[in-house]
Amino acid sequence: MYDHLNIEKKWQKIWEEKKINKTSEDKNKPKYYILDMFPYPSGTGLHVGHPKGYIATDIFARYKRLNNFNVLHPMGWDAFGLPAENYAIKNKVHPQEATDKNIAIFKEQLNRLGLSYDWEREINTTDPNYYKWTQWIFLQMYKKGLAYESYEPINWCPSCQTGLANEDLENGLCERCGTVVEQKPMRQWVLKITDYADRLLNDLDKLPDWEESIKEMQKNWIGRSEGAEIKFKIKNREDKISVFTTRVDTIFGCTYVVLAPENKLISNLKSNIKNKEEVEEYIEKAKNKTDLQRTDLNKDKSGVKLNGVKAINPFNNEEIEVYIADYVLNSYGTGAVMAVPAHDERDFEFAKKYNLEIRKSITSINNSEVNADKAFTEDGILLNSDNYNGLSSKEAREKMIDWLEESGHGEKKINYKIKDWVFSRQRYWGEPIPLVHCKKCGVVPVPEKELPVKLPNVKNYEPSGTGESPLAKIEDFVNTKCPKCGGDAKRETNTMPQWGGSCWYYLRYIDPKNNEALVDKQKEKYWSPVDFYVGGAEHATRHLIYARFWHKFLFDIKAVNYEEPFIKLQHVGLIIGEDGRKMSKRWGNVINPNDISDKHGADSLRVYEMFMGPFSQSVSWNTKGLIGARKFLDKVESFFSDIKEDEKEDEKILSLLHKTIKKVGEDIESFSFNTAVSAMMIFVNELVDFKNKNHFSPLKVDNLKMFIQILSPFAPHLSEELWERMNEKESIFKSSWPEYSSLLIQDKNINLVVQVNGKLRATIEVSADISEEEAFEVSSNNEKVKSYLEGKEIIKKIFVPKKLVNIVVKQ
RNA sequence: GCCGCGGUGGCGGAACUGGUAGACGCGCUGGACUUAAAAUCCAGUUGUAGCAAUACAGUGCGGGUUCGAUCCCCGCCCGCGGCACCA
């Protein structure tokens, strides 16, 4: 048992004094930027699951440095957000105070693990020198028309008392507190992410090193669909009902039109509607439903006919009924659909319930019977469709869209599921939105040289409950002069959401103290983009979409040199509690990494977390399993504390050393840390076995040093200590990754596998370059194999060089 | 419902491009050391039968392709993650 506490403390101190983790800016070397998703410094500190990704990137960073790269590997704090604010409300402590305290705890926990961050580049999103630039970016967006004021109904969390973006919901519940979210019309600032939808989608193809699963999630979230917008005339009126559909080809089966209850058109139609009371009652009822109730797929569809209103199908001039129903969403497309019950499940269900006509206009390609109890929703061949009869769905769509455009009845249209980003929060602990409202001039941006607009100190952090931020009550803050006319004006009091600061932080690490720009363009050119980004998959459709959006915008205004921020992306699999539940205070299954470091050592924790299983997979924590990692390090330490060299080296173990160097290097590159650790364990087991039998080391010290070098990214403290004990004066991390000899990793002999009819019957040690003839000869002369061949006719012989022989006999 | 990922000993998992299934680790069993325990070391550990050599079965289930399938194809079952009345 080695003294991990003293060794780890000793080297952490020396590394800090010698600034060993300071980023080198030597431009002659290739750069490598490896980044963790920075944490929110919560009040509960880190549990043992958080550092898994940090350990992996640290191993990778150290490996890259040993391979002569300039490595940028920084860390910082995503520190705005609700928990600090709620804590402030409860305890009347300024959120900054609580945040600073939490950061100190996090930092201490991270440092205990020997992570090689360059702390001189630490950033904090709540630092005015940082959020100055978050505000600056917002202003640029405002100037380009990408930030706009809107009064549309948005998601409102009655418990957090703030508006939320679509991305902040989980199954219709507030992602933070789990409260059912309401729809509330209110003034808000919105970012036009939909302008970038196409690029966000298409450029995913430029990211071959992103995991497919995450790209898929983004694609689904963006939700592009191609179709047509069709205008239906309203009988005896000038205005029209526009609908969006991806299936124009089914339009001859359209038997009615449906509007969402919130559709603005309805109030225009009032004079025509004969059953006003019934309609208004339905709209009122729909309004009072939560989103959750409305989108419950199991519920019955409901709706009301607009008596006195008829729409006209432009393709056949047929007059059809108009309904309102809450199965149509106002926020997607035009808030109205053409209903084709025969070919759409939802319309089918609705038509069945209200006994509406179901008219078939598509038949299946292979003429198989279409089930009458179900909508036929696939593509097929048109029928009952005038001169489109006989066309395939695809052909019909093209022709019909052409006709729509020629005749002015509609056009080709692309719709997205992604919505513009609701960007204002009615809370205190966020970046103030740098705008001023002037009675004369309207909305006026704060001049850039007046940034940052600092968060004022307040006494009460409670949300006002009126839909205004607590800042609205701070008169000193609110009342200002209009930058344009100099007259009395009021500041915008909404703040930015937590995702704001994290949209561009990776750029700031490159140049963290710059007062002139968010990042120096030359420095950015060298260090950007992030070569490797590691973090939780839960950010796939939030942070990772937002950050790509902002980055593309910054590229467009020429603030950065590259169009995509992250070249390679890898997600971390969670570490869950020993009981199989997510680690949380609530279940009492939280394990603090400090306790593990105290008892077993930080190096053991590092090795264990990498050894637990495949990096991207979630695994249960198991303190017993950690013992294995510790035993491994103990073995290393005890072997290296007492090396007796001998004249000759053991060839097999020397070869194994070089194979291990190769494997560990390749495994680090592919993030297969579990097998890298396993390979090192195998090597050490061989070393120890040999020594136990022969009482001297199978390898010379110079060769043994190579093993310590490949171990060093995983167990930096112990490796550094052993390196010193082997009389090295410079840090092991200033050395280089050992090169393996391709000659030494070649085996002279192999175990030839001999199969008879595909079943293993013998393994014979033979020379690796054995010929086919020789291989068959040795095999058929083998006693055991012989017994299987006796009296049988050989049909076929298969030979795989360096591997196996398979003899096929007639049964 | 749709999209993605996965299912291998008591447990975490390994297996190149279709070529010895179960590496490595935990746990367990037996032994050595010890007054004893812990630690450490040695041996064993997929199942069935057998003292053993060995034989047969075996990677969620059912089929298929192949000399040979954890890996490829077809049809299912189960688990996890994401999206979900998106027209």
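Chain A is the first sequence line, chain B the second, and so forth, proteins listed ahead of strands; every chain is numbered from 1.
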- Starting at the 5' end of RNA chain B, which residue's closest nucleotide do you reach first, Lys796(A) or Glu212(A)?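 Final value for this comparison: Glu212(A).
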- Upstream residue (5' side of RNA chain B) when Asn806(A) and Leu329(A) are each assigned their closest nucleotide: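 The residue whose closest nucleotide sits nearer the 5' end is Asn806(A).
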Does [X] make a side-chain N or O approach to OP1 or OP2 of [N] shorter than 4.0 Å?
X         : N      : value
Gln617(A) : G13(B) : yes
Arg761(A) : A55(B) : yes
Thr541(A) : G82(B) : no
Asn220(A) : G4(B)  : no

Selected nucleotide, minimal atom distance to [X] side chain, candidates [options]:
X         : options                : answer
Ser225(A) : C85(B), A14(B), A87(B) : A87(B)
Lys803(A) : C16(B), G82(B), A14(B) : C16(B)
Met217(A) : U20(B), A14(B), G82(B) : G82(B)
Tyr788(A) : G68(B), A55(B), G13(B) : A55(B)
Asn751(A) : G4(B), A87(B), U20(B)  : U20(B)
Val619(A) : U20(B), C83(B), G13(B) : G13(B)

How far, in whole Å, is [M] from [N] if one measures between their [atom1] atoms?
N      : M      : atom1 : value
G31(B) : U46(B) : C1'   : 24 Å
U54(B) : C61(B) : P     : 28 Å
C5(B)  : G10(B) : P     : 29 Å
U45(B) : A23(B) : P     : 10 Å
G25(B) : G18(B) : P     : 29 Å
G7(B)  : C42(B) : C1'   : 36 Å
G44(B) : U8(B)  : P     : 27 Å
G12(B) : G60(B) : P     : 14 Å

Distance, rounded to the nearest Å, where [X] contributes [atom1] and [N] contributes [atom2]:
X         : N      : atom1 : atom2 : value
Phe632(A) : U40(B) : CZ    : P     : 15 Å
His600(A) : A39(B) : NE2   : P     : 12 Å
Tyr323(A) : A87(B) : OH    : C1'   : 18 Å
Lys759(A) : A21(B) : NZ    : P     : 11 Å
Ile798(A) : A69(B) : CD1   : P     : 12 Å
Asp689(A) : A43(B) : CG    : C1'   : 13 Å

Dump the pairs, protein N or O against N or O of nucleotides 24-31 of chain B, anything under 3.5 Å, distances to one decimal.
unit_1 : atom_1 : unit_2    : atom_2 : d
C24(B) : O4'    : Ser678(A) : OG     : 3.4
G25(B) : OP1    : Asn685(A) : ND2    : 3.0
C26(B) : OP1    : Lys631(A) : NZ     : 3.2

- Task: Step through it carefully: locate the ring centre of Phe611(A), locate the ring centre of Phe673(A), and say whether they are under 6.0 Å apart.
- Result: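 Ring-ring flag for Phe611(A)/Phe673(A): false, centres at least 6.0 Å apart.
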Could you please name the partner base of [N], counting Watson-Crick and G-U wobble pairs only when both distances are under 3.5 Å?
N      : result
C16(B) : none
G1(B)  : C83(B)
G30(B) : C42(B)
G6(B)  : C78(B)
A55(B) : U48(B)

- Item | Side chains of Phe632(A) and Arg630(A) in contact at under 4.5 Å (non-hydrogen atoms) |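 Sidechains of Arg630(A) and Phe632(A): no contact.
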Taking the six-membered ring for Trp, are [X] and [Y] parallel (under 30°), tilted (30 to 60°) or perpendicular (over 60°)?
X         : Y         : result
Tyr546(A) : Trp499(A) : tilted
Tyr354(A) : Tyr323(A) : tilted
Phe315(A) : Phe252(A) : perpendicular
Trp621(A) : Tyr608(A) : perpendicular

- Task: Using a heavy-atom cut-off of under 4.0 Å over every strand shown, decide if Asp347(A) touches base, sugar-phosphate, or nothing.
- Result: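 Asp347(A): no heavy atom of the nucleic acid under 4.0 Å.
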- Which part of the nucleic acid, if any, lies within reach of Lys784(A) when heavy atoms closer than 4.0 Å are counted: base, sugar-phosphate only, or nothing?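 Sugar-phosphate, no base atom in range.
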- Taking the six-membered ring of Trp221(A), is NZ or CZ of Arg548(A) closer than 6.0 Å to its centre and within 45° of its axis?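 Judged by the rule, Arg548(A) and Trp221(A) form no cation-pi pair.
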- Query: Quick one: is the NZ or CZ of Lys240(A) closer than 6.0 Å to the six-membered ring centre of Phe232(A), and within 45° of its axis?
  - Reply: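 Cation-pi check for Lys240(A) and Phe232(A): fails.
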- Task: Would you tell me whether Asp198(A) and Tyr416(A) have side-chain atoms, one donor and one acceptor, within less than 3.5 Å of each other?
- Result: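 Tyr416(A) and Asp198(A) do have a side-chain donor-acceptor pair below 3.5 Å.
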- Item | Conformer about C1'-N of G6(B) - syn within 90° of 0, anti elsewhere |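 What G6(B) shows is an anti base, its glycosidic angle lying more than 90° from 0.
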